[in-house]
Amino acid sequence: MTSTSTRPRAAAAVLRNQNQEILLVKHRWRDGSSSWILPGGGLLPQEKPEEAALRELEEETGLKGKMLHFLFTLPYDLGTSEIFLVEIDAQAEIALGYDPEDAGVEHKMLEDVAWFPTEAVSDHPEVQRVLACLQEI
């Protein structure tokens with residue numbers, strides 16, 4: 001069954017150490033499964049994708065970012081997600097943040113945040129696309 005819902009979202013691709021590490025956030029889904037994905041989420045009303053990517057990055061990781069480039073659009077089960085390359089301060093420390101949609105509910109989506117060697121997660125679909133785009137910039 002194909003979803004007819006359209007919930008635009010945006011995500012931040014954040015790399016460090018000369019693109020040898022990428023930041024991912026672990027989400028626990030309502031069905032109990034979990035996965036590591038780029039920091040991101042749904043757009044607020046009237047919000048631009050670039051603004052959403054930076055807001056979601058800060059909410060989920062505590063990092064303030066600077067927009068560098070639009071990378072690509074990725075379909076997902078509820079619509080499309082726009083992915084942006086985002087720069088952070090090299091000395092900045094990550095911290096597991098929050099999802100405002102979790103306020104007052106038992107299920108918490110965010111479980112962890114970590115840097116991964118890009119080589120170790122190169123088979124991850126989002127990471128593959130990010131790395132391919134970086135070769136074109």
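What you see below is based on every heavy atom in this structure, not just the backbone, and it leaves out hydrogens, waters and symmetry mates. On a predicted model such as this, the values are computed, not experimentally measured, just so you know.
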Over all heavy atoms of both residues, which pair between [X] and [Y] is shortest? Give the atoms and the distance, please.
X    : Y    : result
P49  : A10  : O-CB, 3.3 Å
A11  : A53  : O-CB, 3.8 Å
E111 : S34  : OE1-CB, 3.9 Å
A95  : V113 : C-CG1, 3.8 Å
G42  : E56  : O-OE2, 3.7 Å

Any chance you could measure [X], atom [atom1], to [Y], atom [atom2], to the nearest 0.5 Å?
X   : Y    : atom1 : atom2 : result
K66 : L57  : NZ    : CG    : 14.5 Å
I88 : L68  : CD1   : CG    : 11.0 Å
I94 : D112 : CD1   : CG    : 8.0 Å
T73 : I83  : OG1   : CD1   : 8.0 Å
M67 : L85  : CE    : CG    : 9.0 Å

Donor-acceptor list for residues 123-133 side chains, cut-off 3.5 Å, not counting sequence neighbours:
unit_1: H124; atom_1: ND1; unit_2: E126; atom_2: N; d: 3.1
unit_1: H124; atom_1: ND1; unit_2: V127; atom_2: N; d: 3.4
unit_1: H124; atom_1: NE2; unit_2: W36; atom_2: O; d: 2.7
unit_1: E126; atom_1: OE1; unit_2: L38; atom_2: N; d: 2.9
unit_1: Q128; atom_1: NE2; unit_2: S122; atom_2: O; d: 3.4

So, using salt bridge (charged side-chain N to carboxylate O under 4.0 Å, His left out) as the criterion, who are the partners of K48 when residues are at least two apart?
none

Applying salt bridge (charged side-chain N to carboxylate O under 4.0 Å, His left out), can you list everything that pairs with E82, at least two apart in sequence or on another chain?
none

According to ring pair (Phe, Tyr, Trp, His ring centres under 6.0 Å), does anything in residues 38-57 pair up with another residue at least two apart or in another chain? List the pairs.
none

Hey, could you give me each pair passing ring pair (Phe, Tyr, Trp, His ring centres under 6.0 Å) that has a residue in residues 50-91? Not counting sequence neighbours.
F70-F84

If we only count heavy atoms from C-beta on, is the H27 to E60 side-chain gap below 4.5 Å?
yes

Given the options L15, L63, V86, L23 meets side-chain contact (heavy atoms from CB on, under 4.5 Å) only with L63

Is there any side-chain hydrogen bond (donor to acceptor under 3.5 Å, both in side chains) pair reaching into residues 83-97, and which pairs are they, with sequence neighbours excluded?
none

Check: [X] side chain, [Y] main-chain N or O, donor-acceptor pair, under 3.5 Å:
X    : Y   : result
T118 : N19 : yes
R9   : G40 : yes
R28  : G32 : yes

As a quick check of understanding, evaluate salt bridge (charged side-chain N to carboxylate O under 4.0 Å, His left out) for R55 and E59, giving each step before the final call.
CA-CA 6 Å; R55 175 184 51 77; E59 286 176 359; 3.2 Å; yes

Could you see if L110 belongs to whatever hydrophobic cluster contains I22? Use Ile, Leu, Val, Met, Phe, Trp, Tyr and a side-chain cutoff under 4.5 Å.
no

Determine whether L74 and L71 fall in the same hydrophobic cluster, where Ile, Leu, Val, Met, Phe, Trp and Tyr are linked whenever their side-chain heavy atoms lie under 4.5 Å apart.
yes

